[in-house]
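Heads up: numbering here begins at 1 and tracks the sequence.
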Amino acid sequence: MEKLNSSTAHKASRPERVIQFGEGNFLRAFVDWIISNMNEKTDFNGSVVVVQPIEKGMVDLLNSQDGLYHVNLQGLENGKNVNSYRLIDVISRGLNPYADFGKYLSLAEQPEIRFVISNTTEAGIAFDPQCRLEDRPASSYPGKLTQLLYHRFKHFDGDMTKGLIIFPCELIFLNGHKLRETILQYIDLWQLGDDFKQWFEKACGVYATLVDRIVPGFPKKDIETIKARLGYDDNLVVQGEAFHLWVIEAPESVAEEFPASRAGLNVLFVPSEKPYHERKVTLLNGPHTVLSPVAFLSGINIVRDACQHAVVGKYIHRVMYDELMETLDLPKEELVRFADAVMERFTNPYVDHQLTSIMLNSFSKFATRDLPGLKTYLARKNRLPEGLVLGLAAIITYYKGGVRPDGVCYAPQDTPEVLNELKTLWDGRPLKEVAQGVLAMETVWNEDLNAIPGLTEQLTRYLEEIADKGMPEVVARLINQD
């Protein structure tokens with residue numbers, strides 16, 4: 001079996017147009033895969049320089065394969081199984097700024113460079129006042145980027161045509177707004193001057209983005225079989241789901257420079273990321289949060305099996321299509337398409353997504369993913385969404401811990417404060433007091449939810465029914481009353 005590198009596999013030579021902070025699985029299975037498709041299907045014609053954002057990373061391994069690796073996409077698309085492989089050849093080289101800061105700064109001198117893309121974890125976009133312009137490099141990602149931008153500004157004498165388009169992919173809402181604010185903090189801290197600040201604000205664009213693709217990563221269990229299939233010793237194979245979505249809050253002029261939509265990709269350039277963020281949180285994360293305890297307490301262990309279950313599957317459909325979808329303001333046809341895609345992702349035949357892995361910190365997840373929908377549904381329909389209330393009752397019941405009827409033991413995982421509060425509430429108290437106590441946890445909800453009309457009573461009723469009849473019968477009764 002041949003080693004994978006540019007002497008054993010074809011690698012096109014393209015101008016370096018993208019600086020990418022991060023060499024991990026997600027960027028390689030998402031952004032670099034997208035750029036590979038753009039190179040094939042449009043005139044983008046660009047390669048990527050990968051910058052290792054922390055001192056220890058993977059650029060040495062990446063360079064040993066000359067930036068080449070395969071992406072294995074698995075899942076369902078329009079009801080059909082997908083299990084594809086694509087050789088990604090867009091990475092020209094990898095740099096470690098901790099090992100060669102000069103080579104890192106010299107990227108700013110390349111006139112063809114136009115884009116900066118990053119995924120440095122949620123904590124990566126943060127202001128560290130200990131960073132200095134003289135550091136080689138600054139420890140924070142925004143600090144490193146400010147160093148690069150300032151060097152480019154000086155090298156090209158403030159040329160307004162040499163600004164950069166910046167797409168952060170960190171998983172925080174309005175990531176571009178946060179990154180821009182942090183760079184401005186460094187400009188002020190380091191006293192880089194008004195001319196540079198104006199160049200940054202007018203010549204550069206920092207755009208909020210939302211990224212969506214599940215990337216399990218390196219397929220350690222099946223790697224030998226995969227290598228045999230590929231015919232290459234590829235130690236950078238990365239697996240991801242077939243679904244992908246990238247929402248970028250940027251004008252049409254940026255879309256023209258980054259022609260992903262012309263490549264047939266699910267990349268949207270929009271005036272505001274907010275409704276798409278709400279759509280994802282509401283229609284993907286929201287159902288996940290409540291289906292997990294309902295399905296688990298019904299004797300199911302995997303998300304796919306829950307969606308395909310004769311009764312629980314209908315419960316999931318009700319929560320997603322009849323309750324949560326009614327709380328969003330995007331066009332109904334667009335919401336239905338997205339929800340249909342979510343259901344395909346939930347039923348991915350290649351991923352055994354354990355329900356218990358989703359139930360970590362369930363109360364805080366319900367607070368951000370489901371509670372806003374519950375309130376909006378009540379305001380619009382003048383009644384509570386029963387599926388969501390049952391989901392909250394299931395979370396509360398799951399947090400009691402114990403043994404399922406089939407003998408499976410389970411215990412919740414959360415902060416000590418939440419676990420201690422639930423332990424106290426479940427210590428022999430009437431179920432109405434349990435419901436009242438949970439709804440009164442202002443450290444979770446930032447308010448007393450007992451004030452929501454009818455919620456305490458309906459939640460108590462579901463807790464009583466689950467305790468008396470068991471989850472499967474309660475779910476069946478809810479579905480049959482539709």
Side-chain angles (χ1 to χ4, degrees), residues 75-79 212 214 241-243 278-328 332 334-360 362-363 365-366 368-374 376-377 381 383-398 404 410 458-459 462 465-466 469-482:
L76 292 173
E77 280 188 328
N78 300 319
D212 194 1
I214 297 171
E241 66 170 335
F243 177 88
E278 292 176 345
R279 183 183 70 174
K280 176 181 180 287
V281 170
T282 302
L283 293 183
L284 190 152
N285 304 125
H288 242 182
T289 299
V290 294
L291 78 83
S292 300
V294 168
F296 182 82
L297 295 174
S298 297
I300 303 169
N301 298 314
I302 295 172
V303 172
R304 178 180 60 250
D305 294 341
C307 293
Q308 296 173 341
H309 190 273
V311 175
V312 175
K314 291 180 180 178
Y315 165 78
I316 297 167
H317 190 280
R318 174 196 172 117
V319 167
M320 185 182 297
Y321 290 85
D322 301 337
E323 295 184 358
L324 289 171
M325 190 179 291
E326 294 296 314
T327 71
L328 297 171
K332 185 65 174 286
E334 184 178 329
L335 293 173
V336 169
R337 285 197 301 271
F338 183 80
D340 290 345
V342 168
M343 290 302 296
E344 284 196 328
R345 299 170 74 184
F346 284 178
T347 55
N348 189 334
Y350 299 95
V351 177
D352 292 340
H353 200 169
Q354 298 292 324
L355 293 169
T356 50
S357 69
I358 301 170
M359 287 187 282
L360 175 68
S362 286
F363 282 104
K365 289 178 179 176
F366 189 92
T368 57
R369 301 172 176 183
D370 294 295
L371 182 58
L374 184 149
T376 301
Y377 188 94
K381 305 287 187 178
R383 66 178 187 273
L384 288 164
E386 292 196 37
L388 288 179
V389 179
L390 175 58
L392 180 55
I395 292 172
I396 296 170
T397 302
Y398 177 81
R404 278 193 329 200
Y410 61 95
Q458 192 161 320
L459 182 62
Y462 275 131
E465 290 182 3
I466 294 169
K469 301 178 176 65
M471 184 62 75
E473 185 173 336
V474 178
V475 180
R477 287 177 55 152
L478 173 63
I479 297 306
N480 290 333
Q481 78 181 24
D482 291 345

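The two residues L284 and P287 have their closest heavy-atom pair at O-CD, 3.5 Å.
The side chain to side chain donor-acceptor pair (under 3.5 Å) contacts involving residues 281-295 comprise T289-R369, where partners must be two or more places apart or lie in separate chains. Note on residues 383-398: pairs passing side chain to side chain donor-acceptor pair (under 3.5 Å), not counting sequence neighbours, are Y377-R383, E386-Y462, E386-Q481. Residue pairs meeting the salt bridge (charged side-chain N to carboxylate O under 4.0 Å, His left out) criterion with at least one partner in residues 278-287, sequence neighbours excluded, are R279-E334.
In this structure, the separation between OG on S298 and CD1 on I466 is 9.0 Å, given to the nearest 0.5 Å. In this structure, L390 CG and Q458 CD are separated by 9.5 Å, a value rounded to the nearest 0.5 Å. Atom-to-atom distance recorded for L291:CG and I358:CD1 is 6.0 Å, nearest 0.5 angstrom. Of the inter-residue distances, the one linking N301 atom CG with T356 atom OG1 reads 7.5 Å to the nearest 0.5 angstrom. Separation of atoms CD1 (I302) and SG (C307) is listed at 11.5 Å; rounding is to 0.5 Å.
Counting heavy atoms from C-beta on, the side chains of V294 and I300 never come closer than 4.5 Å. Residues F243 and L76 have side chains not in contact (no heavy-atom distance under 4.5 Å, counting atoms from C-beta outward). Put simply, the side chain of L388 reaches to within 4.5 Å of the side chain of L324, judged on heavy atoms.
In terms of the salt bridge (charged side-chain N to carboxylate O under 4.0 Å, His left out) criterion, residue partners of R404 (sequence neighbours excluded) are, by chain and number, D406. Residues satisfying the salt bridge (charged side-chain N to carboxylate O under 4.0 Å, His left out) test with E465, not counting sequence neighbours, are R461. Residues meeting the ring pair (Phe, Tyr, Trp, His ring centres under 6.0 Å) test with H309, sequence neighbours left out: none. Scanning for side-chain hydrogen bond (donor to acceptor under 3.5 Å, both in side chains) contacts around E326 gives K381, with sequence neighbours left out. For E473, there are no side-chain hydrogen bond (donor to acceptor under 3.5 Å, both in side chains) partners two or more places apart in sequence or in a different chain. Residues forming a side chain to side chain contact (heavy atoms under 4.5 Å, CB included) with E77 (at least two apart in sequence, or on another chain): V82, A242.
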Review point. Can you check side chain to side chain contact (heavy atoms under 4.5 Å, CB included) on V290 and L392, steps first, answer last?
Key: CA-CA 7 Å; V290 294; L392 180 55; over 6 Å; no
Exercise for review: Evaluate the criterion side chain to side chain contact (heavy atoms under 4.5 Å, CB included) for residue pair D370 and L374; output intermediate values, then yes/no.
Suggested key: CA-CA 6 Å; D370 294 295; L374 184 149; over 6 Å; no
**Study point:** Check against side chain to side chain contact (heavy atoms under 4.5 Å, CB included), L355 and V303
**Key:** CA-CA 6 Å; L355 293 169; V303 172; 3.8 Å; yes
**Study point:** Criterion side chain to side chain contact (heavy atoms under 4.5 Å, CB included) on R318 and L478, from CA distance to verdict
**Key:** CA-CA 10 Å; R318 174 196 172 117; L478 173 63; 3.7 Å; yes
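For the side-chain contact (heavy atoms from CB on, under 4.5 Å) with L283, the lone residue among V336, T327, L335 that qualifies is L335.
In this structure a side-chain-to-backbone donor-acceptor pair under 3.5 Å is missing from Q308 to G313.
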Report, one line per pair, each donor and acceptor closer than 3.5 Å where one atom sits in a side chain of residues 339-352; sequence neighbours left out.
unit_1 : atom_1 : unit_2 : atom_2 : d
D340   : OD1    : Y321   : OH     : 2.5
E344   : OE1    : N78    : N      : 3.3
E344   : OE2    : N78    : N      : 3.0
E344   : OE2    : G79    : N      : 2.5
R345   : NE     : E241   : OE1    : 3.0
R345   : NE     : E241   : OE2    : 2.9
R345   : NH1    : D212   : OD1    : 3.4
R345   : NH1    : D212   : OD2    : 2.9
R345   : NH2    : D212   : OD1    : 2.7
R345   : NH2    : E241   : OE2    : 2.4
T347   : OG1    : M343   : O      : 2.9
T347   : OG1    : E344   : O      : 3.2
N348   : OD1    : Y350   : N      : 2.9
N348   : ND2    : Q74    : O      : 3.3
D352   : OD1    : R304   : NH1    : 3.3
D352   : OD1    : R304   : NH2    : 2.6

